[in-house]
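Report on one structure; see the data block that follows.
Keep in mind it's a predicted model, so treat the numbers as computed, not measured.
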Amino acid sequence: MNKKKIKLSTPEMVTDFINVCSKYECDINLYDGRNLIDAKSIIGVFAIAQGKVIEVQAISSDESVISSFVEDMKKFEV
């Protein structure tokens, strides 16, 4: 499973996170309890993510994409 718990503590981390997610063509979702947000949406990510522990997941059937995504998320992991 490629769902990871992350925390974006500063506006710079949010911006960096969105830039990382934007390089992927697949869908990437953020989960904040019952909310589902597109991880490439700057407004959505700033609205729910800053300072909270949230979950992120890439939606792809390509294992190399998932592996790369998991590696990129390590710097944001809790």
Side-chain angles (χ1 to χ4, degrees):
M1 176 169 230
N2 66 340
K3 198 180 268 192
K4 297 290 178 188
K5 289 185 186 273
I6 63 168
K7 185 174 182 179
L8 306 172
S9 302
T10 65
E12 292 79 17
M13 285 183 79
V14 173
T15 303
D16 188 27
F17 172 77
I18 293 167
N19 288 334
V20 169
C21 290
S22 293
K23 77 179 188 178
Y24 292 96
E25 291 186 21
C26 65
D27 288 336
I28 302 173
N29 296 327
L30 285 177
Y31 303 94
D32 175 32
R34 61 183 170 206
N35 297 317
L36 171 71
I37 303 294
D38 178 1
K40 298 175 189 176
S41 166
I42 192 161
I43 294 171
V45 175
F46 268 108
I48 71 157
Q50 192 170 342
K52 292 193 244 176
V53 175
I54 53 175
E55 290 184 316
V56 63
Q57 181 179 27
I59 311 299
S60 177
S61 59
D62 185 341
E63 286 298 319
S64 65
V65 170
I66 298 300
S67 296
S68 177
F69 174 76
V70 168
E71 189 64 33
D72 284 343
M73 289 299 108
K74 286 186 178 181
K75 64 180 165 181
F76 306 110
E77 278 186 318
V78 177

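- Sorted by first and then second residue, the salt bridge (charged side-chain N to carboxylate O under 4.0 Å, His left out) pairs involving residues 5-19 (not counting sequence neighbours) are Lys5-Glu55, Asp16-Lys75.
- With hydrogens and angles disregarded, a donor-acceptor distance shorter than 3.5 Å links the side chain of Tyr24 to the backbone of Ser68.
- At a threshold of 4.5 Å between side-chain heavy atoms, the hydrophobic network of Ile, Leu, Val, Met, Phe, Trp and Tyr places Phe46 and Val56 in one connected group.
- Residues Met13 and Leu8 approach most closely at O-CD2, 4.0 Å, considering heavy atoms.
- By the rule that hydrophobic residues join a cluster once side-chain heavy atoms approach within less than 4.5 Å of another member, Leu36 and Ile43 end up as members of separate clusters.
- Interatomic distance, Ser41 OG to Ile28 CD1, rounded to the nearest 0.5 Å: 12.5 Å.
- Side-chain contact check for Ile54 versus Tyr31: every heavy-atom pair is 4.5 Å or farther apart.
- Applying the salt bridge (charged side-chain N to carboxylate O under 4.0 Å, His left out) test to every pair with at least one member in residues 19-46, sequence neighbours left out, gives these pairs: Lys23-Asp72, Asp32-Lys52.
- Ile59 and Asn29 make their closest contact through CG1-ND2, 3.8 Å (heavy atoms, listed as atom of the first residue, atom of the second, distance).
- Listed by chain and number, the residues in a side-chain contact (heavy atoms from CB on, under 4.5 Å) with Ile18 are Val14, Ser22, Ile42, Val45 (sequence neighbours excluded).
- Of all the heavy atoms in Ala58 and Ile66, the pair that sits closest is O-CD1, 3.7 Å.
- Taken from CZ in Phe69 to NZ in Lys4, the straight-line distance is 9.5 Å, to the nearest 0.5 Å.
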